[in-house]
Protein chains: 2
Amino acid sequence: MVPQSAKSISAKQLDAWIAFLRAHRRVLEHLEAELRGEHGLSLSEYEVLLHLSRAPRNRLRMGELAANVLVTPSGLTRLADRMADAGLIARRPCPEDRRVSYLVLTAAGRKRFEAAAPTHVRGVQEHFAGYLGGDTAAVLAALSRIAGP
Amino acid sequence: MVPQSAKSISAKQLDAWIAFLRAHRRVLEHLEAELRGEHGLSLSEYEVLLHLSRAPRNRLRMGELAANVLVTPSGLTRLADRMADAGLIARRPCPEDRRVSYLVLTAAGRKRFEAAAPTHVRGVQEHFAGYLGGDTAAVLAALSRIAGP
DNA sequence: AATCAAACGTTGTACAATCAACTATATTCC
DNA sequence: GGAATATAGTTGATTGTACAACGTTTGATT
């Protein structure tokens with residue numbers, strides 16, 4: 001076993017990197033296609049519904065969502081517009097701070113989310129988690145270090 | 001330890017999934033920013049140069065590249081246009097099959113790639129591989145199963 | 001109290017990526 | 001040998017994203 005310098009990269013590490021990129025693309029393709037095909041939702045839209053459904057009173061500020069949804073604030077503005085047009089969410093001004101607007105889950109949005117959630121969870125299991133097997137703990141540990149706090 | 005059904009998903013698996021998404025985003029942000037800032041290249045452009053530099057005679061068909069670069073054929077057409085305009089690659093018709101066009105690395109493209117490669121490799125080490133530690137083999141194994149053949 | 005700076009969200013613009021449809025060439029099969 | 005089919009790549013239209021600049025509101029400083 002050759003000690004691994006901190007600066008160079010081993011073949012195994014490089015393979016892991018390439019597998020990481022491929023795995024990401026593959027899984028997201030599947031999940032996007034399933035969600036889109038069966039429920040007419042993009043992954044971003046699903047995530048917005050997910051976070052809102054878990055939030056107290058089913059409402060969140062734009063900024064709170066932007067931090068979690070992996071979308072920039074400006075992207076979220078347009079995403080929220082589309083979802084509001086579709087009736088999945090509604091915009092509510094915040095009385096305490098008139099700069100902020102809340103996004104709240106509508107009844108239709110909740111219904112759509114509840115219909116889509118099993119599809120998504122099954123997809124994550126089928127295309128990602130199911131392959132982890134005995135390596136689950138190690139993968140979780142490594143990815144958590146990479147993902148940061 | 002509770003046996004894991006094939007259909008449901010455990011908390012640990014779900015955490016791994018979330019960490020996976022965050023890790024991907026975080027690493028790619030870093031790599032994109034470094035490559036863009038120090039060498040004016042996007043990650044996709046870098047990958048095109050990488051594959052060409054490794055190919056025999058430094059040339060590949062569009063289709064061969066599209067399979068490896070994680071871009072659709074139409075996306076690659078535009079990417080190749082931009083890179084040809086920038087002088088990094090050149091398009092060459094194939095005499096044997098006039099449907100195909102080859103992309104070949106130019107001298108400028110090679111030079112740019114050679115300048116950028118250390119940055120990228122260091123970035124992969126610093127933002128991804130360096131965190132794997134003793135879990136490298138397990139992560140590689142799991143990701144390879146997910147990524148498929 | 002007035003001002004200056006910071007934070008929240010939205011908009012204009014540009015860009016990159018996709019899908020579907022299309023052109024052109026090659027191959028297959030009666 | 002000629003029609004049907006498949007393949008390589010491009011193009012048009014749409015979508016989604018980011019970046020930078022902006023208006024508005026809030027909070028801090030003095």
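Side chains are part of it too, since the values below use all heavy atoms of this structure and drop only hydrogens, waters and symmetry mates. All of these numbers come straight from a predicted model, not from anything done at the bench.
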From CZ (R61(B)) to CG (L76(B)), nearest 0.5 Å: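 Output value for this atom pair is 13.0 Å.
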Pairs where residues 74-102 of chain A contributes a residue and the test ring-ring contact (aromatic ring centres under 6.0 Å, His included) is met, not counting sequence neighbours: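 Of all non-adjacent pairs touching residues 74-102 of chain A, none passes ring-ring contact (aromatic ring centres under 6.0 Å, His included).
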Nucleotides 9-11 of chain C: which of its N/O atoms have a protein N/O under 3.5 Å away?
| residue | atom | partner | partner atom | Å |
| --- | --- | --- | --- | --- |
| dG9(C) | OP1 | M62(A) | N | 3.2 |
| dG9(C) | OP2 | G63(A) | N | 2.7 |
| dT10(C) | OP1 | R91(A) | NH2 | 2.5 |
| dT10(C) | OP2 | T77(A) | OG1 | 2.9 |
| dT10(C) | OP2 | R91(A) | NH2 | 3.1 |

Nucleic acid contacts - residues 29-37 of chain A versus DNA chain C, non-hydrogen atoms under 4.0 Å: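 Result for residues 29-37 of chain A: none.
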Residue closer to the 5' end of DNA chain C, G75(B) versus P95(B) (nearest nucleotide):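 So the residue in question is G75(B).
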Residues forming a side chain to side chain contact (heavy atoms under 4.5 Å, CB included) with A116(B), sequence neighbours excluded: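 Scan of A116(B) (side chain to side chain contact (heavy atoms under 4.5 Å, CB included), adjacent residues dropped) gives L35(B), H39(B), L41(B), Y46(B).
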N/O (side chain, T72(B)) to phosphate O (OP1/OP2, dA17(C)) under 4.0 Å: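 Answer is no, no contact under 4.0 Å.
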Taking only residues two or more places apart in sequence, or in another chain, which ones meet [X] in a side chain to side chain donor-acceptor pair (under 3.5 Å)?
{"X": "H51(B)", "answer": "none"}
{"X": "E64(B)", "answer": "none"}
{"X": "E32(B)", "answer": "none"}
{"X": "H24(B)", "answer": "H24(A)"}

Which whole-number value in Å describes the distance from [X] [atom1] to [N] [atom2]?
{"X": "E45(B)", "N": "dC15(C)", "atom1": "CD", "atom2": "C1'", "result": "12 Å"}
{"X": "L103(B)", "N": "dT10(D)", "atom1": "CG", "atom2": "C1'", "result": "13 Å"}
{"X": "D85(B)", "N": "dA16(C)", "atom1": "CG", "atom2": "P", "result": "11 Å"}
{"X": "Y46(B)", "N": "dA16(C)", "atom1": "OH", "atom2": "P", "result": "20 Å"}
{"X": "L79(A)", "N": "dT17(D)", "atom1": "CG", "atom2": "P", "result": "6 Å"}
{"X": "E96(B)", "N": "dG9(D)", "atom1": "CD", "atom2": "P", "result": "13 Å"}
{"X": "R82(B)", "N": "dC15(C)", "atom1": "CZ", "atom2": "C1'", "result": "8 Å"}
{"X": "E47(A)", "N": "dT17(D)", "atom1": "CD", "atom2": "P", "result": "11 Å"}

[X]: salt bridge (Lys or Arg N to Asp or Glu O under 4.0 Å) partners, not counting sequence neighbours:
{"X": "R59(A)", "answer": "none"}
{"X": "R145(A)", "answer": "D135(B)"}
{"X": "E29(B)", "answer": "R25(B)"}

Residues E126(B) and H30(B): side-chain donor-acceptor under 3.5 angstrom: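 Distance-only check fails for E126(B) and H30(B).
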Touch class at under 4.0 angstrom, heavy-atom based, for S44(B) against every strand present: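 Since only primed, P, OP1 and OP2 atoms lie under 4.0 Å of S44(B), the category is sugar-phosphate.
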Neighbours of DNA chain D within residues 48-56 of chain B, by heavy-atom distance under 4.0 Å: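 Residues of residues 48-56 of chain B that come under 4.0 Å of DNA chain D do not exist, since none gets that close.
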